[in-house]
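All chains are named by letter (A, B, ...) in the order of the sequence lines, taking the proteins before the strands, and each is independently numbered beginning at 1. All of these numbers come straight from a predicted model, not from anything done at the bench. Keep in mind that the numbers below use all heavy atoms, side chains included, and drop hydrogens, waters and symmetry copies.
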Amino acid sequence: MKHSYLTALILIAVIAIIAVGSHVLGIRLYDRIATNLLISLVLVVGLQTFMGNSGLLSFAHIGFMGFGAYTSAVLTIPAQMKGMALPDLYEFMKVVEISPLLAMLAAGVVAALVAAFVAYPLMRLSDAAAVITSFALLVVLYTIMNNWSALTNGPRTLFGLPKTTDMPIAAIVAGVVVVVALLFKESRTGKLLRASREDEVAAAALGANIPQLRWRAFILAAFIAGVGGALWGHFITSFAPKAFYLKETFLIITMLVIGGANTVTGAVAGTVLITFAYEGLRGTEGALNAGATGAGQVVGLTEIVLALAMIAVMIVKPGGLFPNREIGHILTRTRRRKETSA
Amino acid sequence: MAFAIQFVIDVLSLGGAYALMALGLVIIYGILRLVNFAYGELIMVAGYTMYLTSGSGLPWLLMAALAVVMAIVFGILTDYVAFRPVRAKSVTAVLITSFAFSNLLQNAALLFISPRPRNVPLPDIFSQTVSIGGAITPVRNLITIAASIVLLAAVAFLMRKTTLGIAMRAAATNFTMARMLGVPANLIITSAFALSGFLAGVVGLLWIGRIGTVVPGVGLEPLLVAFIATVIGGMRSLPGAVVGGFLLALIDTTLNYTLSQDLLKFRDAFTFSLVILILLWRPEGLIKGPATGQRT
């Protein structure tokens with residue numbers, strides 16, 4: 001157990017270094033990138049709580065992020081702006097205006113409730129059927145966001161969210177989420193779930209109620225995604241449903257998978273690595289576009305490189321960079337080994 | 001009466017296209033137990049081949065044949081890029097590589113062709129309509145029905161009567177045993193990908209024939225349709241895929257006819273709810289296939 005504390009300590013230190021480091025540098029662009037990174041971290045670690053422990057790939061995560069973002073938006077857009085931002089909003093909601101921190105919690109709760117409701121029957125499915133239904137679920141969540149105009153302004157951009165997410169808030173939420181993920185991993189539910197990941201039949205024979213365990217993890221993952229969505233919404237302040245679809249799904253899955261889906265350390269490492277790679281590539285793309293005037297815009301280059309990286313990682317190291325041990329565990333083991341050899 | 005005919009034609013033409021899509025996916029899944037996320041992109045490839053050859057002055061049928069060939073080529077390419085290197089490793093790894101490959105192809109289309117819709121040449125017959133028993137229906141729906149009947153029959157014949165088909169079914173039932181008995185594994189897998197690409201190519205022509213344009217994301221809807229149809233029908237059974245396709249078409253068409261305009265926007269959400277209900281009743285899908293062994 002001791003190495004779990006060490007892991008938590010190291011990961012929180014990483015978050016602190018990113019937060020303080022970008023602050024010390026004092027460049028606004030870096031500050032923005034770092035805040036974005038921390039928000040991605042919340043989402044990726046959230047996904048890890050389900051995917052890492054259950055071993056099932058879930059595509060629906062970004063959909064819950066979207067639900068969180070919209071929930072928080074509806075609850076926090078100032079009452080006098082609502083007429084403009086959401087003209088078709090239901091009467092009784094037009095007067096609602098709560099503090100963004102409270103709304104963030106509400107966003108998590110709404111996402112978790114939706115997840116609890118829709119996912120219960122799906123958790124009985126395994127393997128490919130489970131992945132496919134989660135993919136379909138993403139499409140459904142997107143369809144709802146795209147068409148429920150009263151609450152989301154339809155496919156148009158929703159604006160007017162108060163900008164409350166800053167670096168300290170993002171860092172605190174990211175830290176809390178990392179601790180929650182580690183606690184969940186070591187909880188009874190997490191351990192049983194990981195047993196079912198390794199051998200479904202054996203775990204079931206030992207009395208593990210696998211659908212129930214997966215369901216709990218899925219709800220937790222959706223809760224974190226909802227909070228992450230609200231966090232993102234109050235950072236970006238205006239967005240449309242297409243922000244919560246395949247492109248973003250691809251990005252967070254890349255982060256988690258390259259880092260290593262089975263460990264929280266992997267989730268953190270993948271997020272940091274891919275954020276830097278993504279920003280670097282985006283910069284290159286921008287430079288190419290600025291240089292090649294008239295020859296058409298370069299779009300999609302970033303995604304192509306990321307896709308190639310993902311395939312390469314899967315071939316060389318299918319478990320990602322941190323396939324099964326948390327950083328704390330790795331460090332205590334190497335130290336112990338040194339002691340015994342000395 | 002006219003209404004009934006209209007309804008039946010709609011269900012059959014949509015169901016035929018859905019069934020072919022689902023079949024292409026299940027052929028891979030049946031043998032390898034692997035889901036091909038890049039399947040939708042084969043449809044995109046067929047569409048862009050049509051667009052790129054549209055200025056060449058070739059007869060339409062030749063362009064169509066070329067489009068199908070390109071879909072087959074990319075189908076086999078999927079195997080080499082996304083499946084073969086990680087096949088033995090883990091299910092998740094393959095899901096991810098095929099997802100990445102799908103993204104790769106889509107973004108390559110974005111980068112090298114255009115994010116905007118491109119027109120695809122279609123023969124006039126695709127836009128004509130005919131009247132059957134008072135129901136006016138586009139000829140392309142009848143073409144779709146005819147094509148799906150022919151292809152479903154051909155695939156059934158291939159799987160039941162030919163050596164290749166029997167070998168594929170043997171591999172799907174028990175890969176290791178089939179291999180021990182002398183079935184050449186890589187040949188079977190390549191054939192399965194080629195067949196899957198062929199079906200995707202033909203469906204691509206029919207599908208794009210409905211909309212007339214191709215965009216990088218055109219494969220998403222067919223992919224989703226194929227996914228849902230296979231999950232309803234039973235992931236390991238070829239007849240299951242066909243049944244799933246037609247059932248999904250029945251659900252979709254019924255919703256099209258019965259939902260009000262306001263609710264129609266949410267059709268996908270309703271369809272999916274029905275799928276959940278079916279899965280609650282039968283988690284394995286409607287038709288159980290053969291129990292599958294190991295993949296390698």
- Note on the structure: Closest non-hydrogen contact found for A/A307 with B/A100 is CB-O, 3.4 Å
- Nearest-0.5 Å distance that lies between atom CG in B/N103 and atom CE in A/M310: 7.5 Å
- Query: Quick one: what part of B/F270 sits under 4.5 Å from any heavy atom of chain A, side chain, backbone, both or neither?
  - Reply: neither
- Interface residue of largest heavy-atom contact number with chain B, from A/V140, A/V131, A/N147, under 4.5 Å: A/N147
- Which portion of A/L137 sits near chain B, non-hydrogen atoms under 4.5 angstrom: both
- Flag yes if more than 12 heavy atoms outside A/R156 fall under 6.0 Å of its CZ atom; otherwise flag no. yes
- Task: Tell me, out of B/L95, B/L105, B/I228, who's got the most heavy-atom pairs with chain A below 4.5 Å.
- Result: B/L95
- Task: List the steps and the verdict of side chain to side chain contact (heavy atoms under 4.5 Å, CB included) for B/F99 and A/T254.
- Result: CA-CA 10 Å; B/F99 185 51; A/T254 312; over 6 Å; no
- Query: Who wins among B/T230, B/L224, B/V35 for the most heavy-atom pairs under 4.5 Å with chain A?
  - Reply: B/L224
- Message: I need the A/L125 CG to B/M235 CE distance, nearest 0.5 Å.
- Response: 10.5 Å
- Query: Tell me, side chain or backbone of A/F59 under 4.5 Å from chain B's heavy atoms, or both, or neither?
  - Reply: side chain
- Task: Identify the two heavy atoms, one from A/I144 and one from B/A269, that lie closest to each other, and give their separation to 0.1 Å.
- Result: CG1-CB, 4.4 Å
- Output the option from B/V231, B/T92, B/I96 having the highest count of non-hydrogen pairs under 4.5 Å with chain A. B/I96
- Item | Other residues, nucleotides, ligands: >12 heavy atoms within 6.0 Å of B/F74 CZ | no
- Message: If I measure from the heavy atoms of chain B, does A/I315 come under 4.5 Å with its side chain, its backbone, both, or neither?
- Response: both
- Item | Option that, when pairs with chain A are counted at under 4.5 Å, heavy atom only, ranks first among B/L110, B/T97, B/L223 | B/T97
- Looking at NZ of B/K265 and CG of A/N146, how far apart are the two atoms once the value is rounded to the nearest 0.5 Å? 10.0 Å
- Out of A/V139, A/V257, A/T133, A/I311, which one racks up the most heavy-atom pairs below 4.5 Å with chain B? A/I311
- Part of A/I304 within contact of chain B (heavy atom distance under 4.5 Å): both
- Specify whether B/F227 and A/F135 have parallel, tilted or perpendicular ring planes, treating 30° as the upper limit for parallel and 60° as the lower limit for perpendicular. perpendicular
